[in-house]
Amino acid sequence: MRYSKSFIKTSHQAPKDAETASHRLLARGGFIYPLGAGFYSLLPMGFRVYQKIYDIITEELNRIGVEDMIMPVVHPARVWKETKRFFEVGPELWKIKNRFKEDFVLAMTHEEVITDAAKPIISSYKDLPKLVGHIQTKVRDEARARGGLLRTKEFTMQDAYSFDRDEEALDKSYQKFIKAYNNIFERVGIETIMIESDVGAMGGLGANEFMMIAKNGEDKIVVCKKCWHAVNADVLGISRESNAIRKGTKCPKCRSTNLTFKRGIEVGNIFKLGTKYSIPQKLFYTDERNKEHPVIMGSYGIGLERLLASVVEASHDKDGIIWPTSIAPYRVYLLGIDKKSAADKTYQQLTKAGVEVFYDDRDATAGEKFADADLLGIPYRATVSAKTKGKIELKKRGSKQVKLVTTSELARRIK
RNA sequence: CGGGGAGUAGCGCAGUCUGGUAGCGCACCGCGUUUGGGACGCGGGGGUCGCAGGUUCAAAUCCUGUCUCCCCGACCA
């Protein structure tokens, strides 16, 4: 893509109130644009990162046997009334009415809908286990959106669901997801820890969260320094760190009082739902002895935009974003300084070689182009100028070292 | 929902206290000079000052109402 043709405009200044690094840098770099509080467009540069994250998540879940589908965003209230969540969830559940004054719900999550869809499919123990999921918009009337993409009212989630015959089988499905989630977070370039969490409005037998440790994270995490068990502070009913210490709060696993407190961003959440949905929605299967049982379910979710922003929180410097290669919008940022025709030729060669290249073909100063290359955080920068004498200067984002290479070497090196 | 802050050009802001008909930086357009870390000169275009009422000869400025956005907290599948 040529800069001059791209739907992009970077800015020297961040939106005045943006305080988190990801919010500032994603806005400055032209990755996102706010429509209103908690509603963001992903501009082309941001959407490319989103698509890479999308592909990684899909790939890792397919690997454990999750099959892809897609469910609606607008739900007739019927299914939400079956589980009573229509009445119990609270104002976060966004309710709407149609022209006939009938109740509908905007998808906050999809347990009811998937359970409904499973009814004609699952009726025997022979139909189990099953793993299925989708990547779809979620809408939540959050009391307060914050931190750019970190908490929005509309976002995309990969949510998957497991159907098993008993708790032992659920445990196996659950373990598969833990593995897949760890792979996903590693591949997008962040470090996470899995912690014990509250089941909240999801209900069920238990839940875990995947947390990226971050100073400005919204969630409080308690880590036991003896056994390294980690728990969301909500689970222990901890409001203030000082109170917890004074009261002698113990690790729920080893009872040690040697606790440490961290903050984190929740990038994934998994739930053992049990029969919370299968019983009220009547999802039953028949076993070998012709006896009926409720299906044991699990649900698993990753917010794509939040994950994208979390990567920025974890990987940036004063000049801009440093995208991990796995999810960078482009592989190389190409710019010419005074040899435009040579840069044009390099662009064509790289494109032909199948390299994802963002070509800064603007009539701008070297400084401006370098600054944008840093801000956008594309892993490699390739400079063509009189100084490079027919070769290309290659630099990795975040490093100071430069190398002179030929075009074919370049294509090979950055693959 | 409680507390705090803010709405003036695409973005960042000044002007509001003390009313006199809107300005700066970035961005944008034209010409020229520049070109290895966000260049420079000259010349331009763009704003019913969030919205609605009111006071006044006169309102960005004063009064009333209302909408929106941000931050902290509560909340958070």
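Naming convention: chains lettered A, B, ... in sequence-line order (proteins, then strands); numbering from 1 in each chain.
For A:Tyr285 and A:His293, the ring centers are positioned less than 6.0 Å apart.
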Got a list of protein N/O to nucleotides 1-9 of chain B N/O distances below 3.5 Å?
| unit_1 | atom_1 | unit_2 | atom_2 | d |
| --- | --- | --- | --- | --- |
| B:A6 | O2' | A:Lys16 | NZ | 2.7 |

Identify each atom pair where a protein N or O and an N or O of nucleotides 39-45 of chain B are less than 3.5 Å apart, giving names and distance.
| unit_1 | atom_1 | unit_2 | atom_2 | d |
| --- | --- | --- | --- | --- |
| B:A39 | OP2 | A:Thr365 | OG1 | 3.1 |

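Comparing B:C76, B:C71, B:G38 by their nearest atom to the side chain of A:Glu19 picks out B:C71. Set against B:C70, B:C72, B:C76, the side chain of A:Arg146 has B:C72 as its closest nucleotide. In the set B:C11, B:C76, B:C71, the nucleotide with an atom closest to the side chain of A:Glu142 is B:C76. With distances taken from any side-chain atom of A:Arg151 to the nucleotides B:C70, B:C76, B:G36, the minimum falls on B:C76. Nearest nucleotide to the A:Glu92 side chain, out of B:G73, B:C76, B:G38: B:C76.
Of the N and O atoms on the side chains of A:Tyr174 and A:Ser162, not one donor lies less than 3.5 Å from an acceptor on the other residue.
A straight line from CH2 of A:Trp94 to P of B:C75 spans 21 Å, rounded to a whole angstrom. Spacing between atom CE of A:Met108 and atom C1' of B:C76 amounts to 10 Å, rounded to whole angstrom units. What separates CE of A:Met211 from P of B:C76 is a distance of 14 Å, to the nearest Å. Atoms CZ (A:Phe39) and C1' (B:C70) sit 16 Å apart, rounded to a whole Å. One can place NZ of A:Lys9 at 14 Å from P of B:C26, the figure rounded to the nearest angstrom. Atom CD of A:Gln13 is separated from atom C1' of B:C26 by 6 Å (rounded to the nearest Å). Atom-to-atom, NE2 of A:His12 to P of B:G38 comes out at 10 Å; the value is rounded to the nearest Å.
Cation-pi check for A:Lys138 over A:Phe155 is not met; the charged atom does not lie both under 6.0 angstrom from the ring centroid and within 45 degrees of its normal.
B:G65: Watson-Crick or G-U partner is B:C51, with both key distances under 3.5 Å. Remark: B:U56 base-pairs with no nucleotide in the shown strands. Criterion, Watson-Crick or G-U wobble with two distances under 3.5 Å. In a base pair of the Watson-Crick type (N1 to N3 plus N6-O4 or O6-N4) or a G-U wobble (N1-O2 and O6-N3), with each distance short of 3.5 Å, B:C40 is matched with B:G32. Within the shown strands, nothing qualifies as a pairing partner of B:C75 under the Watson-Crick or G-U definition with both distances less than 3.5 Å.
Spacing between B:C67 and B:A58 at atom P, rounded to whole Å, works out to 29 Å. For the P atoms, the distance linking B:G38 with B:A27 amounts to 13 Å, nearest Å.
Only A:Arg381, A:Thr383, A:Ser385, A:Lys387, A:Thr388, A:Glu393, listed by number, bring a heavy atom of residues 380-395 of chain A to less than 4.0 angstrom from any atom of RNA chain B.
Residues forming a ring-ring contact (aromatic ring centres under 6.0 Å, His included) with A:Tyr330 (at least two apart in sequence, or on another chain): A:Phe358. Remark: A:Tyr359 pairs with A:Tyr347 by the ring-ring contact (aromatic ring centres under 6.0 Å, His included) rule, at least two apart or across chains.
In this pair, A:Phe210 and A:Tyr181 present their aromatic rings tilted. The plane angle is within the 30 to 60° band. Under the 30°/60° scheme for interplanar angles, the aromatic rings of A:Phe47 and A:Tyr50 are found to lie parallel.
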Identify each donor-acceptor pair in which a side-chain atom of residues 260-275 of chain A lies under 3.5 Å from a protein atom, sequence neighbours left out, and give them as a table.
| unit_1 | atom_1 | unit_2 | atom_2 | d |
| --- | --- | --- | --- | --- |
| A:Arg263 | NH1 | A:Gly217 | O | 2.7 |
| A:Asn269 | ND2 | A:Asn208 | O | 2.7 |
| A:Lys272 | NZ | A:Asp171 | OD1 | 2.7 |

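Mapping A:Asp363 and A:Tyr33 onto RNA chain B by nearest heavy atom places A:Tyr33 closer to the 5' end of the strand.
Between A:Lys391 and A:Glu409, none of the side-chain N atoms (NZ, or NE/NH1/NH2) sits under 4.0 Å from a carboxylate O, so this pair counts as no salt bridge.
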